[in-house]
Amino acid sequence: MAQNLENIIELKHISKAFADGFVAVEDFNLEIKKGEFVTFLGPSGCGKTTTLRMIAGFELPSSGEILLSGEDISRLSPNERPINTVFQRYALFPHLNIYDNVAFGLKLKKLPKEEIVKKVQRVLEMVDLAGFENRKVTTLSGGQQQRIAIARALVNEPDILLLDEPLGALDLKMRQEMQLELKMMHERLGITFIYVTHDQEEALTMSDKIVVMAEGRIQQVGTPEEIYNEPQNAFVADFIGESNIFNGLMTDKLRVRFCGAEFVCLDDIPEGSPVDVVVRPEDVIMTTVEAGRIRGIVHSVIFKGMHYEITVLSGKNEVVIRSTKAAELGGQIGLNIEPDGIHVMPVEQIMNQFEGVLTKAYKLAFMGQEYDCDVVSLFGGAFMKEGVLYDTDGEEIDTEDVKVSLSVSPEDIIMSDNAKEGIICGHIINLIYKGDHYHYVVRTDDEQDVIIDDEYLWNMNDYVSLVIPAEKLAMEIKR
Amino acid sequence: MNRFRFTRKQLAIPYMVFLLLFVVMPLLVIIYFAFTNGDGQFTIANLITFFTNANTMGTLVYSAAVSVVSTLTCLLLAYPAAYILARGPWKHKSVLMMIFVLPMWINFTLRITALKEMLSVLEENLAYYPFWNTVIGMTYDFLPFMILPIYSTLVKLDDSLLEAAADLGAAPWQIFLKVTLPLSVPGIVSGVMMVFLPSMTNYVVLDMLYNSTYIMGSLIGSYFSADDWHNGSMIALILLTIIFTVSVVAGRYEDENMGNRGGALL
């Protein structure tokens with residue numbers, strides 16, 4: 001229990017489903033220590049803001065509990081929680097001046113007037129806006145409004161400060177300044193900060209601990225270094241920084257094969273497992289054709305100021321390299337990667353699961369279509385006689401409404417832009433380039449996520465029709 | 001060759017002509033009559049008459065009383081209605097709003113006649129409560145004009161402000177008093193103006209509800225019917241000044257970007 005005492009907040013099995021059935025957050029577990037700077041990082045719609053809103057009390061979790069210093073606060077309303085929020089669009093009260101905005105929380109606590117004046121003054125000095133007390137909110141610039149929003153939250157001396165993409169509306173230079181200021185403020189005050197952003201650079205710069213989220217789930221929790229250097233899956237690797245992601249295979253202990261060559265690696269994964277291999281562009285070393293394990297042709301060279309970004313085609317694979325040296329366009333080149341530059345991770349479970357039902361006529365009904373199906377092998381030991389199916393005891397089997405679980409591997413689904421061609425349509429909500437093919441997630445019109453591997457490039461949000469060849473469907477009776 | 005060029009300015013010509021003929025000219029005529037006597041000589045006697053005559057002053061006070069009470073009644077009815085409409089969990093807010101505005105699409109005299117019949121049944125004789133009948137009539141007639149502007153400020157209210165207030169420790173009733181209400185003041189001011197000003201002059205309601213007392217509108221009418229254009233014009237001018245002053249004062253409290261008062265539905 002001693003360990004639990006330092007946790008200022010614990011989120012236990014938090015899930016949030018909205019009234020329309022959309023599941024924003026699923027089984028979220030996290031412990032945050034007092035004084036930590038924790039960042040929730042992920043693409044839009046990954047559930048990071050919803051999680052923050054549950055901590056603030058604006059949303060109630062559908063299940064799970066939130067413990068603040070060991071006490072369950074998940075059902076308390078926002079005004080009963082010792083937590084304050086800095087909102088994305090500042091949410092300053094337009095009818096109040098700066099002083100009244102900052103003093104809002106203190107006045108509600110009925111503090112004596114002199115004390116309020118003193119505290120407001122102190123916090124305004126901290127955000128460099130002393131003397132602005134009587135100004136109207138609308139006369140301030142975006143950066144100044146942001147500081148007021150921070151001051152308004154901090155003046156209440158909360159146990160936890162929540163920041164919901166607070167720098168999103170600022171320009172780049174202002175954003176970088178504010179990042180440093182926030183970081184310094186955090187160090188000075190010792191208050192726990194929970195920060196939400198989709199900007200990976202911001203997360204890496206500011207945080208003690210990063211929580212990478214995607215599709216309502218935690219993908220990885222770790223320090224910025226851990227997240228960057230040891231991504232746990234292809235999503236994290238792709239989201240944090242630039243990455244080359246390849247399909248690979250473990251050929252021996254600490255040996256992995258990808259891009260047509262074998263490499264020594266540091267991750268101990270059982271021999272024969274299919275893996276994702278992540279290599280950062282700065283970890284690829286260019287060398288002569290003879291010395292390189294991978295050989296390829298230089299496809300493009302782009303000058304990026306601090307470095308060159310070079311793309312090399314090796315067979316079907318595309319390798320991106322970041323180097324201070326340029327390479328000759330169209331020339332043959334050799335590439336090497338040191339063992340510590342190779343990050344190997346077991347492949348996520350990637351079969352698509354569906355459900356279908358059998359009809360009386362021994363057909364499979366699936367997404368509004370009927371498929372022929374081999375019912376004899378589906379029911380173990382059954383046999384067909386004169387068009388009727390019997391089980392081992394010779395009893396007729398009624399197949400009507402028997403549920404069947406179906407699985408299809410991602411490379412067997414074909415995408416088409418002709419809506420009539422496939423059996424279901426959907427939007428591409430995620431794509432990751434994996435060296436020689438793209439890895440897509442398509443959210444269908446009935447809210448199912450389907451994973452597809454395809455060598456052709458489609459765009460995010462493309463509306464595609466999915467063709468699932470009947471012979472590729474693996475079937476099993478659902479019990 | 002100097003060809004005729006069509007510019008955007010010329011689009012304004014029809015309205016300018018209308019404005020001159022039916023607004024500016026009549027106004028000048030009224031000012032002329034207000035400050036002259038039967039012989040066409042300049043005088044301020046009409047002005048003095050108005051403020052010294054017990055009848056005209058009594059009418060002014062009665063009109064103001066009808067207006068103030070009607071406006072307050074409208075406000076008390078409209079604010080909760082607008083609040084529920086704007087902040088409630090409705091999916092089709094504009095349809096609900098339409099239901100509130102729907103009576104406006106029925107002919108005005110028909111509505112007041114219906115109201116008269118109902119009040120007659122309830123009160124037996126309308127002459128018992130002439131003042132309150134008038135207030136009910138005005139309220140019935142002008143209520144949508146109060147609901148609409150309040151509704152449109154409340155519907156635009158940024159949810160994050162309410163969340164910020166809750167986050168800073170405000171209980172629901174404190175959020176209402178400290179954030180929602182102050183931020184809906186522009187809507188309230190618009191609504192008050194849209195009810196207060198017409199109810200100073202709308203004597204049709206009084207007539208139809210058998211209230212024989214004069215209000216400002218009927219007073220002006222009576223002078224003109226009696227061929228006393230000079231005093232009638234002066235009273236019209238005084239009323240215009242009152243309305244103008246109220247509008248200017250109230251305008252200060254209105255939000256600059258409160259362009260949409262929901263008038264499109266009417």
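Naming: A, B, ... by sequence-line order, numbering from 1 per chain.
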Does any non-hydrogen side-chain atom of [Y] lie less than 4.5 Å from one of [X]?
{"X": "Pro94(A)", "Y": "Leu161(B)", "value": "yes"}
{"X": "Asn79(A)", "Y": "Gln174(B)", "value": "no"}
{"X": "Phe58(A)", "Y": "Asp167(B)", "value": "yes"}
{"X": "Phe93(A)", "Y": "Lys178(B)", "value": "no"}

Return the option, out of Arg152(A), Lys107(A), Lys109(A), with the maximum number of heavy-atom pairs under 4.5 Å with chain B.
->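 When all of Arg152(A), Lys107(A), Lys109(A) are compared, Arg152(A) has the most.
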What option among Pro82(A), Ala91(A), Ala153(A) has the most heavy-atom pairs under 4.5 Å with chain B?
->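 With the most close heavy-atom pairs to chain B, the winner is Ala91(A).
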Here the side-chain hydrogen bond (donor to acceptor under 3.5 Å, both in side chains) pairs for residues 71-87 of chain B, sequence neighbours left out, are Tyr79(B)-Ser184(B), Arg87(B)-Asp159(B)
Enclosure of [X] [atom1] (heavy-atom neighbours >12, cutoff 6.0 Å):
{"X": "Glu187(A)", "atom1": "CD", "result": "yes"}
{"X": "Lys93(B)", "atom1": "NZ", "result": "yes"}
{"X": "Phe176(B)", "atom1": "CZ", "result": "yes"}
{"X": "Tyr203(B)", "atom1": "OH", "result": "no"}

Can you say whether Arg89(A) sits under 4.5 Å from chain B via the side chain, the backbone, both, or neither, judging by heavy atoms?
-> neither
Toward chain B, the part of Leu92(A) with a non-hydrogen atom under 4.5 Å | backbone
Largest heavy-atom contact set with chain A, pairs under 4.5 Å, which of Pro172(B), Ala165(B), Pro182(B) =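 Winner by heavy-atom pair count: Ala165(B).
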Among Ser160(B), Ala171(B), Gly169(B), which residue forms the greatest number of heavy-atom pairs with chain A at distances under 4.5 Å?
-> Gly169(B)
Criterion side chain to side chain contact (heavy atoms under 4.5 Å, CB included) against Leu168(B), the qualifying member of Thr85(A), Leu106(A), Asn101(A), Asn156(A) | Asn156(A)
